[in-house]
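Just below is one structure, and these are the notes that go with it.
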Amino acid sequence: MSEADHGGFRVPAAPAAPAAPAVSGASWALGSVVAELRAAGRGIDGARQKLGRQALPSREVLVGIARDLRAVFFPAHFGPADLTDEGTDYFVGHTLDAALLALHEQVRRGLGFPRELDAREAARREGRAAEIVRDFAAGLPAVQELLETDVRAAFEGDPAATSIDEAVFCYPGITAIMHHRIAHLLYTLGVPLIPRILAEIAHADTGIDIHPGAEIGASFFIDHGTGVVIGETCRIGERVRLYQGVTLGAKSFPRDASGNPIKGIDRHPIVEDHVVVYAGATILGRITIGRGSSIGGNVWLTRSVPANSRISQAQVRSDVFEDGGGI
C-alpha cells in the first residue's frame with residue numbers, strides 16, 4: 001500500500017480495486033439460450049420466418065406517424081412553438097407528406113399478411129398500397145371534422161375543463177378517439193394488422209382499448225377513461241358519453257364444429273344517440289341501448305333497453321342505529 005503526504009502526515013492510499021473479470025457471451029451460454037428460444041417460439045414464430053423475405057410493419061414508425069397526424073389535426077397544439085398563421089399550411093403539408101410516405105411503406109408491409117405472397121401478388125401489393133394511402137389521405141378532412149366534434153363534446157361534457165385547449169392537451173379520451181378514427185379509416189380500407197397496432201399504441205398510452213372495427217359517431221366523449229373497452233362490432237351513435245371502466249363487450253363466443261370461435265359475427269352492443277354510460281358498467285352481447293338512455297355505474301346489462309331508459313343497480317339498504325339502538 002502506497003502513502004500520500006498531506007501537510008506532513010502520511011496517509012495510506014486506498015487499495016486498488018480488483019480488476020473486473022472478463023465476460024462475454026460465452027459466460028452465459030448465449031448460443032445455447034438463443035437456440036432454445038428459437039425452438040420454444042417455433043409454434044408462433046411466423047413473423048421471424050418472414051425475415052429476409054419481407055419486412056414487418058414497425059410499431060416505432062407507426063408511433064411517429066400517429067404523432068405526425070396529431071400535429072396535422074392540431075398544429076397549434078402539437079406543431080412547433082413558433083408556428084405562425086402564415087406558416088401553418090406549409091407545416092401541415094410538409095408533416096402530412098412525411099406521414100403519408102411513411103404510412104405507404106407500412107401499408108405495403110402490412111398487405112403481406114397474413115400469408116406469404118407470390119411474385120404476382122407482391123406486384124399488385126405495390127399499387128394497392130398507393131391506392132389505400134391516397135384514399136386514406138382523402139378521408140382525413142372527414143376525420144378532422146369528427147375530431148372537432150369530439151373535442152367540443154369533451155369541453156362541454158366536463159365542468160372541470162377550463163378550455164378547448166385543455167381538452168386537446170390533457171384528456172386521454174381525445175388521444176384515444178384520435179387514434180381510433182385514424183385506425184378505423186385504415187380498417188375500412190382493408191388494411192390488415194396496422195389498425196390494431198395503432199389501437200394498441202393508444203391503449204398503452206391511455207388505458208382505453210377501442211378495437212379499430214368499432215363504428216363511433218360524432219361528439220364522442222370518454223371522461224377519465226382508464227379501463228374502457230369497446231369491442232370490434234360495436235356501433236355507437238352521436239353524442240355518447242362513457243366514463244371510466246365501461247365495457248362494451250361480447251358474451252360467450254359461438255364455436256364451430258371444431259371448437260374454434262366463429263369470426264365475423266356481430267357480437268357487441270349497439271349504443272344509440274345521446275346515451276350516457278357511467279363508471280364500471282358492463283354491457284355485453286348484441287343488444288341495443290336505446291336513444292337517450294342512462295346506464296348507471298357498475299350495472300351488468302345483457303338485454304336491450306328502450307329509448308330514454310334509466311338503468312341502475314337495485315337500491316342498497318342502509319340502516320343507521322345510534323347509541324346501540326336496534327342491536
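A quick note: this is a predicted structure, and the numbers were derived from the prediction, not measured. For reference, positions follow the sequence shown, starting with 1.
For the pair Val107 and Leu189, the minimum side-chain heavy-atom distance is 4.5 Å or more. At a threshold of 4.5 Å between non-hydrogen side-chain atoms, the residues Leu96 and Leu69 count as touching. You'll find the side chain of Ile222 reaches within 4.5 Å of the side chain of Ile210, heavy atoms only.
Linking Ile, Leu, Val, Met, Phe, Trp and Tyr residues whenever their side-chain heavy atoms come within less than 4.5 Å leaves Ile270 and Val305 in two separate clusters.
Clustering of Ile, Leu, Val, Met, Phe, Trp and Tyr side chains at separations under 4.5 Å places Trp300 together with Leu284. In the hydrophobic clustering, Val276 connects to Tyr243, Tyr278, either directly or through intervening members, whenever side-chain heavy atoms lie under 4.5 Å apart.
With Gln106 contributing its side chain and Ser58 its backbone, the two residues share a donor-acceptor pair below 3.5 Å. The backbone N or O of Gly249 lies less than 3.5 Å from no partner atom in the side chain of Thr247, so there is not a single donor-acceptor pair. With hydrogens and angles disregarded, no donor-acceptor distance shorter than 3.5 Å links the side chain of Thr149 to the backbone of Phe220.
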Could you go through the side chain to side chain contact (heavy atoms under 4.5 Å, CB included) check for Leu301 and Ile289 one step at a time? CA-CA 10 Å; Leu301 191 60; Ile289 308 302; 3.5 Å; yes
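We find that Arg109 and Glu105 are joined by a salt bridge, their nearest charged nitrogen and carboxylate oxygen being less than 4.0 Å apart.
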Only pairs under 3.5 Å count here: list side-chain donor-acceptor contacts from residues 158-185, not counting sequence neighbours, and write none if there are none.
from   : atom 1 : to     : atom 2 : distance (Å)
Asp158 : OD1    : Ala160 : N      : 3.0
Asp158 : OD2    : Tyr171 : OH     : 2.8
Thr162 : OG1    : Glu166 : OE1    : 2.4
Ser163 : OG     : Asp165 : N      : 3.4
Ser163 : OG     : Glu166 : N      : 3.0
Asp165 : OD1    : His77  : NE2    : 2.7
Glu166 : OE1    : Thr162 : N      : 2.8
His179 : ND1    : Thr175 : O      : 3.1
His180 : NE2    : Ala214 : O      : 3.0
Arg181 : NE     : Asp150 : OD2    : 2.8
Arg181 : NH1    : Ile216 : O      : 2.9
Arg181 : NH2    : Asp150 : OD1    : 3.1
Arg181 : NH2    : Asp150 : OD2    : 3.2
Arg181 : NH2    : Gly217 : O      : 2.8
His184 : ND1    : Pro212 : O      : 2.7
His184 : ND1    : Ala214 : O      : 3.3

Residues 228-239, side-chain donor-acceptor partners within the protein, below 3.5 Å, at least two apart:
from   : atom 1 : to     : atom 2 : distance (Å)
Glu232 : OE1    : Arg267 : NH2    : 2.9
Glu232 : OE2    : Tyr187 : OH     : 2.9
Thr233 : OG1    : Arg267 : N      : 3.0
Thr233 : OG1    : His268 : N      : 3.0
Thr233 : OG1    : His268 : ND1    : 2.8

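Residues passing the side-chain contact (heavy atoms from CB on, under 4.5 Å) test with Arg128 are Leu111, Glu131, Ile132, sequence neighbours excluded.
Here salt bridge (charged side-chain N to carboxylate O under 4.0 Å, His left out) pairs that include residues 278-307, with residues two or more places apart or in two chains, are Asp266-Arg286, Asp273-Arg291.
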